[in-house]
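Below is one structure, written out as structure tokens, with a few remarks after it.
Chain naming here is simple, since letters A, B, ... match the order of the sequence lines and numbering starts at 1 in each.
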Number of protein chains: 2
Amino acid sequence: MESRSVQAAPARRRRVGREERERQILDAAVAVFSERGYANASMDAVAERVGVTKPVLYTHFGSKEGLLLACVAQARTELLEVTAAAAAAATTPEDMLRRGTRAFFEFLDERAAAFSLLYSEARIAADAVEGIRAQQTDFIAALLGAAAPDAAPLQLQGWAQVIVGACERLAVWRAQDKRVTTEDATEYLMDLAWTGLQGRASGARAR
Amino acid sequence: MESRSVQAAPARRRRVGREERERQILDAAVAVFSERGYANASMDAVAERVGVTKPVLYTHFGSKEGLLLACVAQARTELLEVTAAAAAAATTPEDMLRRGTRAFFEFLDERAAAFSLLYSEARIAADAVEGIRAQQTDFIAALLGAAAPDAAPLQLQGWAQVIVGACERLAVWRAQDKRVTTEDATEYLMDLAWTGLQGRASGARAR
DNA sequence: GCCAGTAAGTTACCACGAGTAAGTTGGGTC
DNA sequence: GACCCAACTTACTCGTGGTAACTTACTGGC
């Protein structure tokens with residue numbers, strides 16, 4: 001004597017297939033986690049958004065942390081696909097770096113919610129996010145290795161770390177300052193990573 | 001009939017001055033938070049480490065979040081002092097970038113616990129950590145502005161973001177791979193930010 | 001058509017930790 | 001040595017992650 005609506009919509013909404021439910025839950029989780037922050041988001045809130053009760057989430061993902069990790073894993077897969085495809089279309093090392101970088105920024109633009117999850121969210125997913133970074137640095141180090149075959153492996157890794165860190169930071173900066181376009185961000189990265197500050201700064205002496 | 005030790009040390013441990021207590025609590029909090037992670041660390045654990053009970057923490061810092069923020073604020077102050085002092089000792093822009101970068105890595109080496117707190121810990125402190133980054137980027141942008149007076153302000157900010165992001169990432173990488181010395185990390189940053197990859201990579205054509 | 005059997009869901013609970021109200025005690029001061 | 005206040009403790013509430021046990025909708029076999 002409360003729900004069951006007025007007359008139609010007899011609240012007849014149960015029994016959804018496993019795969020579809022999991023997609024629903026993941027989408028809801030990304031939304032809720034990114035809106036309220038992981039720590040302040042309750043599992044009940046996610047469940048309510050899907051239209052089920054809490055234990056359903058637990059049968060699918062085991063724990064709150066497991067749910068977060070599943071969200072992260074999904075984003076990870078998509079990220080590699082997008083950047084690798086962009087880099088594959090390039091012909092020179094410079095072009096590769098530029099295209100890959102731009103693809104990264106564009107991906108984050110499209111998927112702003114997933115992004116804020118990935119890069120603002122907690123130690124709980126730290127290992128998983130670190131795994132994404134490792135994936136990206138390995139990928140970039142391989143590209144750099146092809147372009148600079150005389151560099152030591154550790155050096156390649158170091159350069160790749162620099163690029164990944166720089167991109168991540170630029171992405172966060174863009175989220176705060178909307179004036180910065182993906183092209184701007186890409187060029188700032190290229191200015192330093194490819195061209196270097198040497199020529200630009202040497203015009204003005206340190207005085 | 002359980003504590004109160006054997007005979008000496010009559011558990012006579014109350015009444016400590018406000019400032020000293022706050023320092024004790026901050027130290028304990030950094031230790032506990034970095035050991036177990038903010039989310040898994042209980043306020044009782046921090047209190048026990050200090051040798052008091054939970055409400056004491058609340059009278060000093062208001063909330064668990066407030067305690068974390070106080071830890072972060074303390075680290076922030078120290079970080080700026082250290083890097084600014086290092087940069088001030090330099091004579092050329094290149095030297096400034098190199099000395100500041102190295103000071104950053106050395107600071108994190110000395111204060112590993114505070115570091116893991118800063119760079120692994122959660123959305124709760126995200127704003128505060130973001131404030132530290134803003135402090136560092138403003139500082140670096142000012143240095144770059146002196147060295148490259150014809151660059152646009154937004155461009156300077158962008159370059160500074162690249163450097164801050166790169167340093168942060170290199171720092172995390174170093175924590176994982178102990179082979180990488182502060183000098184290595186500093187040089188990898190300089191390789192890209194100052195010299196640029198252009199010369200190095202152009203030896204090998206894209207083929 | 002009807003009746004198991006099982007996967008999908010729900011209700012109703014526990015445990016644990018953040019936060020607090022109210023009472024207690026140490027120690028400096030006159 | 002009586003007083004007072006700040007430092008400290010005890011003993012609670014409440015919200016939320018997680019779970020055990022029960023219920024219900026859909027499946028295929030006869």
Side-chain angles (χ1 to χ4, degrees), chain A residues 1-5 9-29 32-33 35-71 121-125, chain B residues 1-5 9-29 32-33 35-71 121-125:
Chain A
M1 192 184 296
E2 182 265 313
S3 58
R4 254 64 192 178
S5 271
R12 188 172 173 54
R13 50 142 105 99
R14 305 217 308 204
R15 299 265 126 174
V16 172
R18 182 177 184 87
E19 280 198 11
E20 190 181 345
R21 243 329 167 231
E22 289 191 352
R23 257 189 297 110
Q24 287 178 2
I25 294 173
L26 278 178
D27 289 348
V32 173
F33 286 165
E35 271 168 25
R36 306 154 76 127
Y38 175 78
N40 294 324
S42 73
M43 291 294 268
D44 280 318
V46 176
E48 188 184 8
R49 187 146 187 151
V50 179
V52 295
T53 53
K54 205 167 43 167
V56 173
L57 309 188
Y58 284 88
T59 60
H60 285 281
F61 297 98
S63 67
K64 189 182 183 185
E65 182 177 336
L67 182 53
L68 176 61
L69 262 47
C71 295
E121 226 33 88
R123 171 154 252 193
I124 298 124
Chain B
M1 193 184 297
E2 183 263 311
S3 57
R4 255 64 190 178
S5 273
R12 185 173 176 54
R13 46 138 107 103
R14 306 218 305 209
R15 302 266 125 173
V16 172
R18 184 179 183 86
E19 280 197 11
E20 189 182 345
R21 223 9 142 214
E22 288 190 352
R23 257 188 296 113
Q24 288 179 1
I25 294 173
L26 278 178
D27 290 349
V32 173
F33 286 166
E35 272 168 25
R36 307 153 76 125
Y38 176 79
N40 294 325
S42 74
M43 291 295 268
D44 280 317
V46 176
E48 190 184 8
R49 187 145 187 151
V50 179
V52 295
T53 53
K54 206 168 40 166
V56 174
L57 309 187
Y58 283 89
T59 60
H60 286 281
F61 296 99
S63 67
K64 189 182 183 185
E65 181 178 335
L67 182 53
L68 176 61
L69 261 47
C71 295
E121 225 33 88
R123 173 152 250 193
I124 296 125

For Arg21(B) and dC8(D), is the shortest distance between a side-chain N/O and OP1 or OP2 below 4.0 Å? yes

Measure the spacing between [atom1] of [X] and [atom2] of [Y] and express it to the nearest 0.5 Å.
X: Glu22(B); Y: Asp27(B); atom1: CD; atom2: CG; value: 12.0 Å
X: Leu26(A); Y: Phe33(A); atom1: CG; atom2: CZ; value: 10.0 Å
X: Lys64(A); Y: Lys54(A); atom1: NZ; atom2: NZ; value: 10.5 Å
X: Arg18(B); Y: His60(B); atom1: CZ; atom2: NE2; value: 5.5 Å

With the side chain of Thr53(A) defined as its heavy atoms from C-beta on, choose the nearest nucleotide among dA8(C), dT10(C), dC8(D). dT10(C)

Nearest heavy-atom contact between Val56(A) and Ile25(A) is CG1-CD1, 4.3 Å

Should Val52(B) and Gln24(B) count as side-chain neighbours, where that means a heavy-atom distance under 4.5 Å?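 Result no, sub-4.5 Å side-chain heavy-atom pair not found.
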
Nearest-Å distance, [atom1] ([X]) to [atom2] ([N])?
X: Phe61(A); N: dT19(D); atom1: CZ; atom2: P; answer: 16 Å
X: Glu48(A); N: dT10(C); atom1: CD; atom2: P; answer: 12 Å
X: Gln24(A); N: dA8(C); atom1: CD; atom2: C1'; answer: 13 Å
X: His60(B); N: dA7(D); atom1: NE2; atom2: C1'; answer: 8 Å

Which part of the nucleic acid, if any, lies within reach of Val52(A) when heavy atoms closer than 4.0 Å are counted: base, sugar-phosphate only, or nothing?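 If one applies the 4.0 Å heavy-atom cut-off, Val52(A) turns out to touch the sugar-phosphate alone, with no base involved.
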
For nucleotides 14-21 of chain C, just jot down a letter per nucleotide in 5' to 3' order: B, S or -, based on protein non-hydrogen atoms under 4.0 Å. ----BBBB

